[in-house]
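Positions are given from 1 along the sequence. Atom set for the values below is all heavy atoms of this structure, side chains included, hydrogens, waters and symmetry mates excluded.
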Amino acid sequence: MLLCFAALSTGCAGSSQRLPPLVEIRVERIQVPDALLTCAPSPDVPLATRQRDVAAYIAELWEAGQDCRDKLAAVRAIVRPE
């Protein structure tokens with residue numbers, strides 16, 4: 001019985017040679033679609049003579065800005081998913 005315990009206890013003994021931990025380094029490049037990397041162009045400033053022309057210009061300018069904000073939000077969701 002004593003020999004049995006002696007044989008089993010060697011499995012718990014520390015080894016003088018420790019193996020280094022296995023580490024896998026993986027680099028993954030995040031792919032952002034090209035459509036999200038360009039914004040709608042800003043409209044040309046009109047030679048406005050009426051308020052209606054100025055209002056249309058402001059609306060187009062806001063739409064171009066909103067396009068960029070939407071695309072930036074989509075890129076942010078791809079790069080930093082939460």
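- In this structure, V45 belongs to a hydrophobic cluster whose other members, linked by side-chain heavy atoms under 4.5 Å apart, are V54, Y57, I58, L61.
- Applying the side chain to side chain donor-acceptor pair (under 3.5 Å) rule to pairs touching residues 36-45 yields nothing, sequence neighbours excluded.
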Counting only pairs under 3.5 Å, give me each side-chain donor-acceptor contact of residues 29-37, with atom names and distances, residues two or more places apart or in other chains.
none

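- Scanning both residues, A64 and P43, for their nearest heavy atoms gives CB-CD, 4.5 Å.
- Sorted by first and then second residue, the disulfide (SG to SG under 2.5 Å) pairs with a member in residues 21-82 read C39-C68; sequence neighbours excluded.
- Between K71 and D67 the shortest side-chain heavy-atom distance falls below 4.5 Å.
- With sequence neighbours excluded, the residues forming a side-chain hydrogen bond (donor to acceptor under 3.5 Å, both in side chains) with Q66 are R69, D70, listed by chain and number.
- For D53, there are no side-chain hydrogen bond (donor to acceptor under 3.5 Å, both in side chains) partners, not counting sequence neighbours.
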